[in-house]
Participant: 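I have a structure here, written as structure tokens, and I will follow up with some questions on it.
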Amino acid sequence: MRFQRCLIGLAAVLAACSAQPNEGAQAAPSAQSAVHRESGLRVIPLKVHRGTRVLRFRVEVAQTGAQQERGLMFRTAMGADEGMIFPFNPARPDVAFWMKNTVLPLDIVFIGPDGRILNIAANATPYSLAPIPAAGVTAAVLELNSGRATQLGIVPGDKVEW
């Protein structure tokens, strides 16, 4: 009887240990966050408040310097309501982007520290090395498919939330 209780106790301990995630294992993505199949970057929801309308996107987050340097380089496709966000913490003055090795034409949306759009560089030319500057201190940059901002009526002053 005592032996059986020990075995039951040992089985319970082993079951509890095996239910714990492996050290270093990544948690399963929540409903609000996932990982992009091509880039491996975290994907989050993003909203653009356009008057009374709320425009919803799923964006990849280029968080680290290396991720931001690569951005959307070499990518050949992106969904209509997809994009990439480049958050800067702290916000930075004198931000400029370029299209080096970027196959897709893009709209580059510069976002100020208050979450409002500063300016939009529409239809940025693929592969161009010309700097595309922000119109002020920048907290983030959002890249969308070329023409998407115009199509949806997104303009400077609209509020971006992520």
Participant: Could you tell me whether Lys100 atom NZ has more than 12 heavy atoms of other residues or ligands within 6.0 Å of it?
Facilitator: no
Participant: Any carboxylate oxygen within less than 4.0 angstrom of a Lys/Arg side-chain nitrogen, looking at Arg75 and Glu60?
Facilitator: yes
Participant: Check each of Lys159, Arg116, Glu161 against His49 using the side chain to side chain donor-acceptor pair (under 3.5 Å) test, and report the only one that passes.
Facilitator: Glu161
Participant: Using a 4.5 Å cut-off on heavy atoms from C-beta on, say whether the side chain of Val61 contacts that of Leu41.
Facilitator: no
Participant: Within the 4.5 Å heavy-atom criterion, are Met99 and Ile132 side-chain neighbours or not?
Facilitator: yes
Participant: Are Met78 and Phe57 linked, directly or through intermediate hydrophobic residues, by side-chain heavy-atom contacts shorter than 4.5 Å (ILVMFWY only)?
Facilitator: no
Participant: Can you confirm whether Asp107 sits close enough to Ser146 that some side-chain heavy atom of one is under 4.5 Å from a side-chain heavy atom of the other?
Facilitator: yes
Participant: Identify the heavy atoms of Ala91 and Pro113 that sit nearest to each other, and give their distance.
Facilitator: CB-CG, 3.9 Å
Participant: Please find the pair of heavy atoms, one from Ala140 and one from Trp162, that lie closest to each other, and give the distance.
Facilitator: CB-CH2, 3.5 Å
Participant: Quick one: do Leu46 and Phe86 end up in the same hydrophobic cluster if we chain Ile, Leu, Val, Met, Phe, Trp and Tyr together by side-chain heavy atoms under 4.5 Å apart?
Facilitator: no
Participant: State which residue, out of Val109, Val155, Ile154, fulfils the side-chain contact (heavy atoms from CB on, under 4.5 Å) condition with Val48.
Facilitator: Ile154
Participant: Would you say Met84 and Val141 are hydrophobically clustered, going by side-chain heavy atoms of ILVMFWY under 4.5 Å?
Facilitator: yes
Participant: How would you list, by chain and number, every residue that makes a salt bridge (Lys or Arg N to Asp or Glu O under 4.0 Å) with Asp158, sequence neighbours excluded?
Facilitator: Arg50
Participant: Passes side chain to side chain contact (heavy atoms under 4.5 Å, CB included), Phe97 versus Thr138? Steps please.
Facilitator: CA-CA 12 Å; Phe97 270 45; Thr138 306; over 6 Å; no
Participant: So which atom in Phe110 and which in Ala134 form the shortest heavy-atom distance, rounded to 0.1 Å?
Facilitator: CD2-CB, 3.4 Å
Participant: Taking Phe88 as the starting point, is it possible to reach Val160 by hopping between hydrophobic residues whose side chains are less than 4.5 Å apart?
Facilitator: no
Participant: Run the numbers on Ile111 and Ile85 for side chain to side chain contact (heavy atoms under 4.5 Å, CB included), then give the verdict.
Facilitator: CA-CA 10 Å; Ile111 305 164; Ile85 186 90; 4.0 Å; yes
Participant: Indicate the atoms forming the closest heavy-atom contact of Pro156 with Leu118, along with that distance.
Facilitator: CB-O, 3.6 Å
Participant: Testing the basics here: between Gln68 and Pro87, what is the closest heavy-atom pair and its distance to 0.1 Å?
Facilitator: NE2-O, 2.9 Å
Participant: How would you list, by chain and number, every residue that makes a salt bridge (Lys or Arg N to Asp or Glu O under 4.0 Å) with Asp81, sequence neighbours excluded?
Facilitator: Arg148
Participant: I need the Ile108 CD1 to Asn123 CG distance, nearest 0.5 Å.
Facilitator: 10.5 Å
Participant: Would a hydrophobic clustering, with Ile, Leu, Val, Met, Phe, Trp and Tyr connected at side-chain separations under 4.5 Å, put Leu104 with Leu142?
Facilitator: no
Participant: Please confirm whether the backbone N or O of Gly147 pairs with a side-chain atom of Gln151, one donor and one acceptor, at under 3.5 Å?
Facilitator: no
Participant: Is there a side-chain contact between Glu143 and Thr102 in this structure, where contact means two heavy atoms from C-beta onward sitting under 4.5 Å apart?
Facilitator: no
Participant: Does a side-chain heavy-atom distance below 4.5 Å link Val54 with Arg56?
Facilitator: yes
